[in-house]
Amino acid sequence: MARWLFKSEPATWSFQQQLEAGEKGTFWNGVRNHLAKKHMMAMKAGDLGFFYHSNEDKAIIGVVEVIKPYYPDHTDETGKFGMVDVRAVKPLKEKVSLAQIKAEPRLANMVLVNNSRLSVQPVTGEEWRIVMELAGEADRAEK
DNA sequence: GCCAACGTTGGC
DNA sequence: GCCAACGTTGGC
């Protein structure tokens, strides 16, 4: 199963709102970047992702699950981009800040560190485990 | 609020 | 098809 990271400005769409959207989840639209699109096209229902708050928080705050694979984004008038549906799984016990991630040598290769502007990013299994560890979710880290 | 990094656009 | 100019994002 693949792992991802979804990035959002909490002022636009926060994890709190994602939680309130409940089991049915919501579509993750507004992506207008081809690399991010490529990642979304690779997603499958059941894939898990981190929910990252940019700007105010600068921290990974929760876990989401992809519940519907890539389909066209009707809000994109060019017709080039699409979106996936995600639902909140749970908030992390402790959120993991960007500063923590940067301070962790084993996470030096995370896309978040190297290409922070990319809004949808792949996360390796190892990175997932380490972030879960930092979040105090070590028991959940096992695959 | 500033600025670096990156993507996109448009002139040639 | 190249590349400079411009706009946007996001960390600080």
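Computation of the quantities below employed the complete heavy-atom set of this structure, encompassing side-chain atoms and omitting hydrogens, waters and symmetry-equivalent molecules. In this text, all values refer to a predicted model and were calculated from it rather than measured experimentally. Below, chains carry the letters A, B, ... as their sequence lines are ordered, and counting in each starts from 1.
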**Request:** Take A/W28 and A/D85 through the test side-chain hydrogen bond (donor to acceptor under 3.5 Å, both in side chains) and record every step on the way to the result.
**Result:** CA-CA 6 Å; A/W28 191 274; A/D85 283 4; over 6 Å; no
**Request:** Check the angle between the aromatic planes of A/F50 and A/W128 and answer parallel, tilted or perpendicular using the 30° and 60° thresholds.
**Result:** parallel
**Request:** Answer yes when A/K90 and A/E65 have at least one side-chain N-carboxylate O distance shorter than 4.0 Å, and no when they do not.
**Result:** no
**Message:** For A/K37, is there an ion pair with A/D73 - N to carboxylate O distance below 4.0 angstrom?
**Reply:** no
**Asked** Has the side chain of A/K7 got a donor or acceptor atom that lies under 3.5 Å from a matching backbone atom of A/R117?
**Response** yes
Nucleotide N/O of nucleotides 5-12 of chain C paired with protein N/O under 3.5 Å:
from	atom 1	to	atom 2	distance (Å)
C/dT8	O2	A/R117	NH2	2.9
C/dT9	O4'	A/R117	NH2	3.2
C/dT9	O2	A/R117	NE	3.3
C/dG10	OP1	A/K7	NZ	2.7
C/dG11	OP1	A/Y52	OH	3.0
C/dG11	OP2	A/N55	N	3.1
C/dC12	OP1	A/K102	NZ	2.9

**Message:** In terms of relative ring orientation, are A/F27 and A/H74 parallel, tilted or perpendicular, with 30° and 60° separating the classes?
**Reply:** perpendicular
**Sorted by number, the residues of residues 26-38 of chain A with heavy-atom contact under 4.0 Å to DNA chain C** = none
**Message:** If you take the centroid of each ring, where Trp contributes its six-membered ring, are A/F15 and A/F51 closer together than 6.0 Å?
**Reply:** yes
